[in-house]
Amino acid sequence: MSERYDAHTIEAKWQARWASAGVDAASDDPADTRPRYYCLVMFPYPSGNLHMGHVRNYCLGDAVARYKRMRGFNVLHPIGWDAFGLPAENAAIKHGRSPAEWTWANIAQMRAQLRRLGLSYDWSREIATCHPDYYRWEQWLFTRLLDKGLAYQAEAEVNWCEACHTVLANEQVEDGACWRCDTPVTRKRLRQWFIRITAYAEELLADLDRLSGWPARVVEMQRNWIGKSVGAEVRFPLCGRKDALTVFTTRPDTLMGVTYLALAAGHPLVQERAREDAQLAAFVAECARSSTREADIETMEKRGMPLGIEAEHPVTGERIPVWVANFVLMGYGTGAVMSVPAHDARDFAFAQKYGLPIKQVVAPVDGEWDLAQGAFCEDGVLMASGAFDGLDSATARARITEWLEARGLGKARVQYRLRDWLVSRQRYWGAPIPVVHCPECGVVPVPDEDLPVRLPTDLRPTGAGSPLADCDAFRQTRCPRCKGAAERELDTFDTFMESSWYMNRYTSPRNTRAMVDARAMARWAPVDQYIGGVEHAVLHLLYARFYHKLMRDLGLFTSEEGGDEPFVNLLTQGMVLKDGAKMSKSKGNTVDPNALIERMGADTARLFTLFAAPPEKDLEWNDAGVDGAHRFLNRVWRLQHRLADWPEGASDTAACKALRFAVHDTIRKVTHAFEHGFAFNVAIAALMELANALQAFSVAGVHARAVFREGLEALVTMLAPFVPHFACEMGERLGFETMATLRAWPEVDEAALARDEVTLVVQVQGKKRGEVTVAKDADRDAVLAAARADAAIAKWLDGMDIVKVILVPGRLLNIVVRPR
RNA sequence: GCCGGGAUGGUGGAAUCGGUAGACACACGGGACUUAAAAUCCCGAGGAUGGCAACAUCCGUGCGGGUUCGACUCCCGCUCCCGGCACCA
């Protein structure tokens, strides 16, 4: 009975028991009437080694899943592998193994590491995205998108990472560099595959308002990323030519103030002129160079050149010059802007530099504006705008847009910053894009019966281009339409394609008939609680929302079955830091989870990870803190020995009552943490307080022993979501009839929280001057009388008149006085 | 530049609705046990001033104002830090 806490023996024992009892599986039995809960953590890339970020992520998810089970929910808590991706290829080049071999070996290794942490996953639903049974459905979906015109091939200026030797989507470029390897991204014109996420821009934006369970900043980041702006398209006919320039503006109210047009260097009209003008060509070439160095854009000087072309103002017919300017982007709007120097700071600076006219057409609502102080960029009242004079900016925007529309000179338009998702990659280790290039029929989607298009798994990338190009068995095929010789598409999908729908696949992971099963979706989706790093705020989390809507609109499930959004609640956990910096091999500040588990056990690792910081904040690793967590478990462990020879005698009922109060107050606090915000650091602190109270409780007698036992059992039960092995072992020794992790969550006994007496803080003038203990329902006069009876308080009332007395029941009494 | 979030002891952090600031833990100091150490247990601790001490008083949640009987919490104005976006027309 007095043996010591031995984490390794206990952990191995319970992991085996849980596995053989199958306690972690989610039930698909229709007869199971328990309420359902879907808890999901972002699945890992199988690098082969678990790091502390993973540990934190999965411990958070596991605590939630286990708590919900104890609350009587049928919990879906799955795990799998985001198994395609570049590191596998790089490792394959380095170690001479195929990416497939390398990946599957890593999966085996990481699976073992996760199991050692004692995470309660439903392993029967494990998926790996590199498995053809998985990516087959993504290929299927893509062919449907092709049918609907939502997927297309186009030549475009794209982001190219030289180190990864592939293109990147806009979301995957951070600060002008590749999100994965930090290599500066260059621009290239290439023919690539896109998915029309812009067709869903409005819904993706509007539904952000429904994500009340998401952190505000993630919602805000997505809103920024989608970047909606409402305005108008305006046509400016070109003088002496048949064509016209179309610009996009959010300020049609300033139309009368346009004094020049500015075009991007990449604009077709500029390109055309540059062929005849060497000076212009040199300028354009310079712009093309500098545009790749996005970090410098901020400090870049605004420069331009006249094109020697004039355009006609659509209202006044005035001739206005057309310029090329280095600050106009080809990729946004129409690549052309109307410049209104009087009402735009950037246009103002440009006009001043090149001596272009500045014409004020909007005045502040209350007064004058002196253009010497710069541009007036606010809304105001129109002036010098003919028929539109006197209108406020908002009305003028609508009227002027209507005016243009009526004359075919423009129209209202909404512009988004979001661009279509570039999904093709010039890499081998990814899901093949299911199309065939036929010399006769062109691009032909692979028909359903020929799916999946299997990726050959035995190829060895060398680093010089995709090995698929040299694999005739893959490359050469027959056209599904004309049956003639044809070639397969050699690009593979962006790996974000796989991670965009895995949460839905988990609901019916072995489904061979469809991508997902509508009934299973109705049972589980959407995810109730999603947990992962904030770094995916506009990558994975945006793509997944988009994919969910695509799947819905393809009829895989309805809004009622699967919801319109994949994740109801999102928790973005902070990073794990050491010495104030993110752990990394190059900095040499890593903590190896395996070594930690080896030394202290999984439960200690879990406990410290959850205790050291609130989940959404960064966690500073502290080895001494880990020792502290281990000490705590030892202390709780020893509490059980107290039951063996409890001293006889008469119990002190007041002390027993105080302990019961502490027990039930703790239940209240810990439950609150699980139900509101997952502040596990606070929950664990409360459990530590309870352990301290139990340890300090030294009252003799059978009643006291029973009270102590109740407290210890509650403590062990509430520890189960955090340190499940420990709790199960303690529970078994305490004689629990079921495993601690399967017990019902303790209920608060309100009677235990009732008190006959309360201690109130007494303030004079809002400053604490003492405490009084009074009957629970004592009224203001009674409390005041008690306060005056206390010498330490009374001395502050000497020579004073009491002006006012405020009683906050159960908390405090504040006496407001005035010198007599 | 714009949009978020934050700033509390030596450290990580707590404080439910405006009601005892610093829970819990780490680190530290003192003590008990021990031949000794480890382990364990007990005690102390925001700062300043006075006092042998118990204790007392004042100050204190980035800075300056305000509202309130009462402000870490609400309002106004700043400073700094972190994150995101950014010639976006």
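Side-chain atoms are counted along with the backbone in the values below, which use heavy atoms only and exclude waters and symmetry mates. Letters go in sequence order (proteins before strands), and every chain restarts at 1.
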Please list, pair by pair, any protein nitrogen or oxygen found under 3.5 Å from a nitrogen or oxygen in nucleotides 81-84 of chain B.
none

Heavy atoms under 4.0 Å, any strand shown: does [X] hit a base, just sugar-phosphate, or nothing?
X	answer
P614(A)	sugar-phosphate
A612(A)	sugar-phosphate
V328(A)	base

Could you pull out all residues at least two apart from [X] that satisfy side-chain hydrogen bond (donor to acceptor under 3.5 Å, both in side chains)?
X	result
E757(A)	none
K228(A)	E202(A)
Q573(A)	N57(A)
R545(A)	Q222(A), E565(A)

Distances under 3.5 Å between protein N/O atoms and the N/O atoms of nucleotides 42-50 of chain B, please, pair by pair.
none

Please collect all salt bridge (charged side-chain N to carboxylate O under 4.0 Å, His left out) contacts where either partner lies in residues 792-812 of chain A, sequence neighbours excluded, each pair once.
-> D801(A)-R820(A)

Whole-Å P distance, rG60(B) and rG9(B) = 14 Å

Hey, does the side-chain of K804(A) have a donor or acceptor N/O within less than 3.5 Å of a partner on the base of rC69(B)?
->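 Per atom types, no contact qualifies.
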
Starting at the 5' end of RNA chain B, write a dot or bracket for each base, bracketing those in Watson-Crick or G-U wobble pairs whose two distances are under 3.5 Å and using | for partners on another strand.
-> (((((((..(((......[....))).(((((.......))))).(((((....)))))..(((((..]....))))))))))))....

SB check R56(A) D618(A) (cutoff 4.0 Å) | no

Would D209(A) and R223(A) pass as an ion pair if we require N to O under 4.0 Å?
->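 Yes, charged N to carboxylate O under 4.0 Å.
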
Hey, can you pull the donor-acceptor pairs under 3.5 Å for the side chains in residues 620-629 of chain A, sequence neighbours left out?
unit_1  : atom_1 : unit_2  : atom_2 : d
E620(A) : OE1    : G580(A) : N      : 3.1
E620(A) : OE2    : D579(A) : N      : 2.8
E620(A) : OE2    : G580(A) : N      : 3.4
W621(A) : NE1    : D623(A) : OD1    : 3.1
N622(A) : OD1    : A624(A) : N      : 3.0
N622(A) : OD1    : G625(A) : N      : 3.3

Contact under 4.0 Å: R303(A) side-chain N or O vs rC87(B) OP1/OP2 |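 No.
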
Just by protein heavy atoms under 4.0 Å, how would nucleotides 16-28 of chain B read 5' to 3' in B, S and -?
-> B--BB--BBSSS-

W225(A) side-chain proximity, nearest of rA89(B), rC85(B), rG13(B) | rC85(B)

If you check every side-chain atom of F327(A), which of rA89(B), rU40(B), rC87(B) has the closest atom?
->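 The closest nucleotide is rC87(B).
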
Below 3.5 Å between N/O atoms, which protein atoms pair up with nucleotides 53-59 of chain B? Just atom names and distances, please.
unit_1  : atom_1 : unit_2  : atom_2 : d
rA56(B) : O3'    : K795(A) : NZ     : 3.4
rU57(B) : OP1    : K795(A) : NZ     : 3.2
rC58(B) : OP2    : R769(A) : NH1    : 3.2
rC59(B) : OP2    : K767(A) : NZ     : 3.2

Mind checking what makes side-chain contact (heavy atoms from CB on, under 4.5 Å) contact with E689(A), not counting sequence neighbours?
->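 Applying side-chain contact (heavy atoms from CB on, under 4.5 Å) to E689(A) gives K669(A).
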
Can you tell me if T249(A) uses its side chain to pair, donor with acceptor, with the backbone of R251(A) under 3.5 Å?
-> yes

